[in-house]
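By convention in this document, chain letters (A, B, ...) are assigned in the order of the sequence lines, proteins followed by strands, and residues within each chain are numbered from 1.
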Amino acid sequence: MININKDEIITLDDNKDYYVAEKILYNDKTYYFAVGVDENDDADFEDIAYFEEVIENEDVYIEDVNDENIIKEILKEVALRNPVEETPELLQLIEKGSF
Amino acid sequence: MTKILEEIRLRQPGETIFEYEKYLEKYYKDNKLISPNAPIVEPREKYKHEEDNIPTGDFIIQNNDGENCLIPNVSTNSEQYKEYFELYKKHRKERKEMTKTNNNINFVNQLQRHINLLSNGEEKNKLIKIHDKIQNDPKNNVQKISACVEDEITIYNLEISENILNEIKEDLTDTNYIKISNSLTAIPKEFNEDLESVEEYETYVARFYTHIEPAKNYTINAQNQIIASPINEQRNLYPHENKNPYKKYYEEKYLPFLKEKIKQQQVERNKDKNIFIREKITEKIAELTSKTARTSEEEQNLKDYKDLLAIIPETITGENEVELLGAVVGKDNTKKACELINKLDLTSLNIYGIPQPKPRSDYESTSKYEEYLLNHYKEYLPSSALNEHPMGKKDRKEYPHELFTWQDNKTPHMSSIPNSYYNNEYKARTKERRKVKAVRKPKKNVFKKFVDKLKAIDQIPSHKPIYQNLGKIFKTTGSVALVVAIGGGLIAATSMGIIPVNYTAAVGASLVSLLIYINIKKRKLAKAEQTQSTPTTSTNPPSSGNGGSNNQQQNQPAPNPNASTPVPSPNPNGNSGTSDNNDSTELDDLDEDQINAMLENIEERLLNALNEYEIAANQLEVLMASADSERTPEIIQNTKDLVDIKRQKLTEWILLSQGLQTELEKLQQKGGPTL
């Protein structure tokens, strides 16, 4: 059975590829915060997706999540897992007093 | 078999290029060598020759019917043809140059030439007026419009003063000679209710726009009835909505008119339904009455039919009525009607006793509402009326809208499902499940690419203020890109209609809280710098917050390989931590006055955006509730697009106002003035 992890690209049966930015477990269900990618694996900003994983007879399916509460939970988790990092560029800006 | 056509004659002495091209055009049309509906193409394209490869002799070409046609003696190498062709090239070049450089002067010159050819009359007077006004235009507060004249070849890019334009706009659009191809400033005359009805005015407006943009025949149907107001297109064409006289009329006159019209149509439809059902019930009653010996069950049925007939009214008023699938009854009789209909089993007539479902607003989530709908229909509908789910998978969630058939297998009556739910949520839920075929590692660091792309939204003018003004934090640093990502995702999702705008606003708050965290970090760093009296480096800064999972951080690609150690995660709920309370570091460049001024401005814009969104959403609702014949896919799409645009605009202003409010609150905590 296919196992999907964060930072992987999934290919769907309509040949659309999505980059999995986060994999989230919520209420015993698996959700993915994903973004569509083209053949060069460049992200398509217009195609940000929230998927729910559905497993059926050893096959893995994804369904679009449209429940606002679940999307909220996904986003919350994404924010928690991706804290703000302080890069040298950011520190430079701080030093300059740019913000 | 090859069909032999007549020879193409060469240009006659004295014949203009334009006339000769008309001849060629006709020749090709008559011989079905170009589609009758095809746009006018230039002779070179018709011949399908290269300029430097002019053929001689017979020329074979396939016509529209697929037959080979021989055009004999195509002596295009003759001197006469070459001469024509040179003239043609010159002519075309001039036209192209004119198109590039034309302006008011060219336009008035062209008008003058045409006026000279006209005999006196109304058309000539109109054109003279236009000519004189444009020629003498002092060009104050100019507006740009594009126009072309009869031959539709040259586009004139005109600049006309607003007041002059207002004086000639009716003549501009009324004359057959001039066509306004870009109606940025062409505004229909104002509605005058003393002189005309809403319907008459709508017809005028429809014709007005159809004239301007003949390709967009979006307002009048074959019966010459208005099928939709051109408000969408008009708004798109005319950016200064506040100056638009049509807007006020639309909201105050047209929308109520449309609602009333739709209501009347519904009443008519319902009347027909009730007549049909009453006829059928009357037939049943007659059938049972004619029986000399009735069983007790038949006696009961006869009574029930009579009772049912009594509660299905002949006259529909549109008030206090509940729609069943197949009939309309008074609210007080809903239960009884359902019971009787279901008891009598009128399914062979496609009559079911199903009360109108409750509205979506009675339920807190889509899933709960769909569960309710499903049960509602299952309770009243016989199993024979239920369809297998169109996805053909038994284990799929069942969508009530597709669970039953309606007369002649048509879509169930729209009013049986609340429109807003159907349009906003149901459709989104019916997306197909997709199988995951394969999983692979990305070819490159997609996360970084993703982030880079997201950063580009900072360059979109409409988004820029959000990121610029929120403490000027979005300096396209990799560290805040995820915040941008979330914001971008929200905006994208909102614009796609997946997330309702109020939800977007709520999540926007958490976005802002992340920004606040950055400010806190900045101040802590500054503080640490003061204490140590050493230049700031990328050493570990003090941490704050309590969220985050470290194992996830390991997987997160760093925007820069030399990045310093990641700081423990902030609390994305905006908890700034206790260490922030005594921080006296100055905030960003914005001060209270600036923020207050921006807030005042934004409040007004927010209200406008909300108003516009509501109008657009209302418009969509009204449209979807209208009769099938009044809804074309183009109109529906245009209206949806409008709703999306308004929703996005509203979202942006909400986000911006939230960010500023937060900044202001922080300033106030430092002893600043209160609002």
If I measure from the heavy atoms of chain B, does [X] come under 4.5 Å with its side chain, its backbone, both, or neither?
X	answer
V54(A)	side chain
I2(A)	side chain
N3(A)	backbone

Among I62(A), D13(A), V60(A), T11(A), the one residue meeting side chain to side chain contact (heavy atoms under 4.5 Å, CB included) with K435(B): D13(A)

Minimum-distance pair of heavy atoms, taken over all atoms of K16(A) and V37(A): NZ-O, 3.8 Å

Closest contact, heavy atoms only, L12(A) versus K437(B): O-CE, 3.6 Å

Parallel, tilted or perpendicular: rings of Y18(A) and F51(A) (30°, 60°): perpendicular

